[in-house]
Amino acid sequence: MTDGCSLFATKLRAWRAHAGAHGRVTQETLADMLGVSVDAIGKYERSLSFIRGDLEHRLAEALGWSHDEIVACREDWEARRGAQVRGAYRLLDDEVVDAVYNGSWRDAALASIALAIEEFDALPEELAANERVFLPIYDAFRDHWAVVMRGDRMVAKWTLPFLNAEDEELFRTGRLIEADLSLERMRRPILPGTYFGYSPAVVIRRGHEAVGPLLLSSFVSFLETLARREVFLHGMGSISVSLGGAQICRDLGMTRLGTHCLDPGYELWELPGSAIPTSIFGRRSPFLRRCYRDVFGN
């Protein structure tokens with residue numbers, strides 16, 4: 001951890017010092033308000049840990065903190081944790097692309113496709129990552145995918161293009177063939193409205209599980225950016241091809257729809273837009289929770 005107190009620790013101590021009607025709020029009372037242990041409060045205030053992502057919403061609901069305050073605390077914590085605990089993990093950006101890929105986002109996209117091929121090397125051709133299908137999509141929708149780096153190596157990624165109505169139906173009935181997709185079949189979120197997002201791959205290299213919070217934060221930021229443009233997901237789908245993939249879908253709060261036509265071991269998963277407020281994304285972002293409740297009435 002870097003020197004000095006975390007922003008989260010500083011804000012918690014300041015809140016306790018001034019929030020009580022008759023003086024200082026105790027750690028015990030704060031623990032009850034947030035639904036955590038007194039030991040957890042002590043660790044927060046000593047800059048030893050940060051509140052779990054699925055509990056962040058309680059900072060807003062119980063303490064009255066704004067979304068911006070919570071995000072600032074989270075980003076400060078992640079920067080501190082990244083400096084020592086997670087090593088040199090960072091999101092792919094222009095600076096990294098300049099340093100590692102000679103300024104070529106296309107080369108970076110190719111590397112991210114290669115990462116998926118490496119991690120899912122036993123997939124049939126119909127669902128295997130390939131440059132012909134995905135490179136044009138990655139080129140056209142640079143903000144619809146993110147990669148986490150450690151040094152000059154990609155260790156995690158997510159991708160979420162938007163499907164048209166016909167391909168959404170193919171997905172729901174287990175007949176979507178990724179090899180048949182093309183850039184022309186993707187929906188472009190130019191105007192406000194609802195869209196269906198399809199995730200062909202969420203990859204976290206073995207041994208790099210600590211990168212999960214940073215990968216999640218990047219996806220939450222993506223959804224928040226869309227929501228500010230009044231672009232929302234009425235559904236988000238994925239196909240799990242392994243036990244690990246199915247577990248990630250469960251952890252995200254997705255519901256199993258059925259199996260894919262190619263193999264009964266490949267499972268269809270969806271997170272409806274109406275479920276986003278109570279999903280890990282809504283718990284992580286009060287802004288998303290509020291926006292999606294307004295749109296989908298849940």
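Remember, predicted model here, so these are calculated numbers, not experimental data.
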Under the salt bridge (Lys or Arg N to Asp or Glu O under 4.0 Å) definition, can you give me all pairs with a residue in residues 217-240, not counting sequence neighbours?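 Sorted result for residues 217-240: empty, none.
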
Provide the full list of salt bridge (Lys or Arg N to Asp or Glu O under 4.0 Å) pairs with a residue in residues 51-64, sequence neighbours left out, each pair given once. R52-D54, E56-R74, E56-R284, E61-R289

Ion pair check, [X] and [Y], cut-off under 4.0 Å:
{"X": "R185", "Y": "E166", "answer": "no"}
{"X": "E270", "Y": "R172", "answer": "yes"}
{"X": "R205", "Y": "E118", "answer": "yes"}

Taken in chain and number order and not counting sequence neighbours, the residues that satisfy salt bridge (Lys or Arg N to Asp or Glu O under 4.0 Å) with R153 are none

Which residues share a side-chain contact (heavy atoms from CB on, under 4.5 Å) with [X], sequence neighbours left out:
{"X": "E45", "value": "L12, R13, R16, Q27, L30, I41"}
{"X": "A72", "value": "L7"}
{"X": "E28", "value": "T26, V38"}
{"X": "D39", "value": "S37, K43"}

Residue pair F141 / P189: nearest heavy atoms and the distance that separates them: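 That closest heavy-atom pairing would be CE2-CD, 4.3 Å.
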
For S279 and L252, which heavy atoms make the closest approach, and how far apart are they? CB-O, 3.9 Å

Under the rule for ring pair (Phe, Tyr, Trp, His ring centres under 6.0 Å), what residues qualify as partners of [X], not counting sequence neighbours?
{"X": "W269", "value": "none"}
{"X": "F171", "value": "F196, Y198"}
{"X": "F8", "value": "Y44, F50"}

Check whether Y89 forms a cation-pi arrangement with R150 (NZ or CZ under 6.0 Å from the six-membered ring centre, at most 45° off the ring normal).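 Yes - R150 lies over the ring of Y89, closer than 6.0 Å to its centre and within 45° of its axis.
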
Residue pairs passing the ring pair (Phe, Tyr, Trp, His ring centres under 6.0 Å) test where at least one lies in residues 100-123, sequence neighbours excluded: W105-W145

Return each pair, listed once, that meets ring pair (Phe, Tyr, Trp, His ring centres under 6.0 Å) where at least one residue sits in residues 236-268; pairs must be two or more places apart or across chains. none

